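To keep things clear, I will list the structure first and then write my remarks on it.
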Number of protein chains: 2
Amino acid sequence: MQIPPSRVTINDVARLAGVSTKTISRIINQSPLVGEETRARVEAVIAETGFVPSAQARALALRRNFIVALVHDGSDRGIMEAVEAGMLRGMEGSDLSLVLRPLQGNVAAHLRAFVDQHRPSGVVLLPPLSEMDELARLCEDMDTRCVRLGKVRDGHGLGCDDRPAMAVLIAWLVRLGHRRIGLVGGPESSLTAQQRELGYLDAMADHDLDRGPSLIVSGDNSFESGIEAGRLLLEVSPRPTAIVACNDEMAAGVMQTAGRAGLTVPDDLSIVGFDDTPLAERIWPPLTSMRVPWAEMAREAVSIIRAAAEQPQADRAFTAELVVRNSVLPLGDQAGAAVPSSAAQSG
Amino acid sequence: MQIPPSRVTINDVARLAGVSTKTISRIINQSPLVGEETRARVEAVIAETGFVPSAQARALALRRNFIVALVHDGSDRGIMEAVEAGMLRGMEGSDLSLVLRPLQGNVAAHLRAFVDQHRPSGVVLLPPLSEMDELARLCEDMDTRCVRLGKVRDGHGLGCDDRPAMAVLIAWLVRLGHRRIGLVGGPESSLTAQQRELGYLDAMADHDLDRGPSLIVSGDNSFESGIEAGRLLLEVSPRPTAIVACNDEMAAGVMQTAGRAGLTVPDDLSIVGFDDTPLAERIWPPLTSMRVPWAEMAREAVSIIRAAAEQPQADRAFTAELVVRNSVLPLGDQAGAAVPSSAAQSG
DNA sequence: TTGTAAGCGTTATCAT
DNA sequence: ATGATAACGCTTACAA
């Protein structure tokens, strides 16, 4: 275990600039209580020496690390890319770093150990972990800021309008002439998935359509479960003309099943996803999907963590938005519905 | 900027166990120089108190943080998932954490600042950054272990047999009866991409086939560039019967273009990808692709970083492997080629 | 506006 | 096998 050589420290800079270390510290921390001249002189020295404050030393003194942890259980790979990107964007201009923390097994114990050891500046919880009040409480106890992504019971957390969004999506399909619409739900334990399923039920009821249990199959957000769900749904008689999945991965799975069964999408079967992950536009035909602004939500999560102010984490509402691509065929029952399946938006 | 309360420290444990702090330190660090009894007593106290050593304090004392940084430029999202997973697996059982570090602009300066500030235990460079000798040298200068993923000039780094692998892939297509084979190359500056292109040229030359410049289009590893490359390649006359892309994203782009042009894959056009990322099996038809063991390579990278031994980073060779799915049609020119396009392996 | 001194929680050195 | 003590590089009282 070699000990590497040390580099320019705050003391070197102080000596070279002829001031005290505290003054350097003030400058590092952007304190306004420093004279113009002094500041200029010090900054010159910093530039010359290439001094970079040690994150470890600061962390020790401040009792918190300059990291934000993205905590998830790996069950929904699709949204990770957007969340990572959003968090990274939110950390620009700060000295924060993004730590990836997948958790399995005894989730609470692992999270506690992690926070205990690393004292992150903040923790961002992804569904379904974000739905576990225990984890949020745990962070609070260790006074570590914690932001939960996705719908959460008591209004904490950054979520979007999953339920009405799904209802809007279904209503849109109905306007296009679809009557038999199948649903591939997420894990039954997931609140987000429940909301989306409720939205489906709302809209189907509104339009007085069959929403019997045979039209609803639950998956676990994985591609594989989408394949299986698709298989079940295609056996239903009469066959659904459209299948909506609670995330894009599962929608892709359904598409896979349709393909294997010799069905053409959207001619023989319309398929819609949810979240609008990168996968949606990469598959063929491009998948129509309900866009959930995961990146924006993640960005906001980091902002909350950065904000020193102890504002009680406003329940800011994000809005999902339909992205029409080529996986839905208008059946033309009601000509009013103008959006043609060819209204793809990719270049 | 509140200072959180402190928790159980090494001193508390020392006092409670009636030994010195150094002894606790020895136990934390698995030093063998501790008596049986003492160790037992101390471990009991640790368990009771729930003591967790502070990562910050250790980092300060050891002058290196318990983090490994995954450094990339975001240009090849496809392989990130596998690399992240592999690194995470490699870190299991250690107290290392994974930090995501996308770099843009003045890459060298940013990397230097990052390493200076965080003193990571190691850095893993992804292509094309891994091809920049400057970055590796930079890490060395700051004695930070650095592992480069992908083919690298002087034999450093963990790469796989891109060139022969691509040659094998092309030979396989030829055996299936394909004669006009287009290539979507990666960025021209990328060594990995160059290797793959050379493999293509090798095989085409071997079989005495047309490998004129019109059959080779360079992309930048993005889906969009695949779309564009596909457009160019489909205009070539006579049209290629097969198109090989240097990664799956671009292959998906080609598929997109084929779809828009009304071509059916694989009936009208065979398409093959490279890397075998999750995308490959999620699109329709499932994409035949050359599997590059990114996860295994990433896992090995972390092992190297963990290994205290200063072994000169063996140039361990990884092997790519053809994964046959449904995106290639045998033309039957030479009946000997037995692998039918229906030899998909997904369940 | 600036400086002094005492930590923060761990590890290495050198004793014993 | 174990312990006292001085780092490690920075921050916050509290002065001046």
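Order of the sequence lines sets the chain letters (A, B, ...), proteins ahead of strands, with each chain counted from 1. Remember, predicted model here, so these are calculated numbers, not experimental data.
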| said: Nearest to the A:Ser20 side chain among D:dT12, C:dG3, D:dC10, which nucleotide is it? | reply: C:dG3
| said: Tell me which pairs pass salt bridge (charged side-chain N to carboxylate O under 4.0 Å, His left out) where either residue lies in residues 18-34 of chain A, with sequence neighbours left out. | reply: none
| task | For B:Arg15 and C:dT10, give me the distance from atom CZ to atom P, rounded to whole Å. | result | 13 Å
| side-chain N/O A:Arg63 vs C:dC8 OP1/OP2, d < 4.0 Å | no
| query | Hey, is the side chain of B:Lys22 pairing donor to acceptor with the base of D:dA4 inside 3.5 Å? | reply | no
| note | Here the distance between atom P of C:dT10 and atom CG of B:Asn65, to the nearest Å, is 15 Å
| OP1 or OP2 of D:dG3 under 4.0 Å from side-chain N/O of B:Thr23 | yes
| said: Quick check on C:dT11: is either OP1 or OP2 less than 4.0 Å from any side-chain nitrogen or oxygen of B:Asn29? | reply: yes
| field | Distance in angstrom units between A:Arg58 CZ and C:dG9 P, rounded | value | 18 Å
| said: Measure CZ/B:Arg119 against P/C:dT11 and give the value in whole Å, please. | reply: 17 Å
| task | Flag this pair as yes if the NZ/CZ of A:Arg112 is under 6.0 angstrom from the six-membered ring centre of A:Phe114 and inside a 45 degree cone about the axis; otherwise no. | result | no
| query | On DNA chain D, nearest-nucleotide positions of B:Arg26 versus B:Ala57: which is more 5'? | reply | B:Arg26
| query | Which sits closer to the 5' end of DNA chain C, A:Arg39 or B:Gln56, going by the nucleotide each is nearest to? | reply | A:Arg39
| request: Give the rounded distance in Å between these two atoms: CZ of B:Arg64 and C1' of D:dC8. | output: 14 Å
| request: Go through D:dT5, D:dC10, C:dT2 for me and flag the one nearest to the A:Thr38 side chain. | output: C:dT2
| task | Please state how far atom CG in A:Leu60 lies from atom P in D:dA7, giving the value in whole angstrom units. | result | 17 Å
| query | From C:dT10, D:dT11, C:dT2, pick the nucleotide closest to the side chain of B:Ala61? | reply | C:dT10
| remark: When rounded to whole Å, the CD1 to P distance for the pair B:Ile27 and C:dT11 reads 12 Å
| field | side chain to side chain donor-acceptor pair (under 3.5 Å) between A:Ser75 and A:Asp73, intermediate numbers included | value | CA-CA 6 Å; A:Ser75 66; A:Asp73 72 348; 2.8 Å; yes
| task | Select one nucleotide: of C:dT11, C:dC8, D:dT2, the one nearest the side-chain heavy atoms of B:Leu33. | result | D:dT2
| query | Is there a donor-acceptor pair closer than 3.5 Å between any side-chain N or O of B:Ser121 and the backbone N or O of B:Asn65? | reply | yes
| Of all pairs that satisfy salt bridge (charged side-chain N to carboxylate O under 4.0 Å, His left out), the ones with a partner from residues 85-100 of chain A, not counting sequence neighbours | A:Arg58-A:Asp95
| note | Of the candidates D:dC10, D:dC8, D:dT11, the side chain of A:Phe51 sits closest to D:dC10
| message | Strictly below 4.0 Å: does B:Ser54 bring a side-chain N or O up to OP1 or OP2 of C:dT10? | response | no
| query | In whole Å, what is the span from the CD1 atom of B:Ile10 to the P atom of D:dT5? | reply | 17 Å
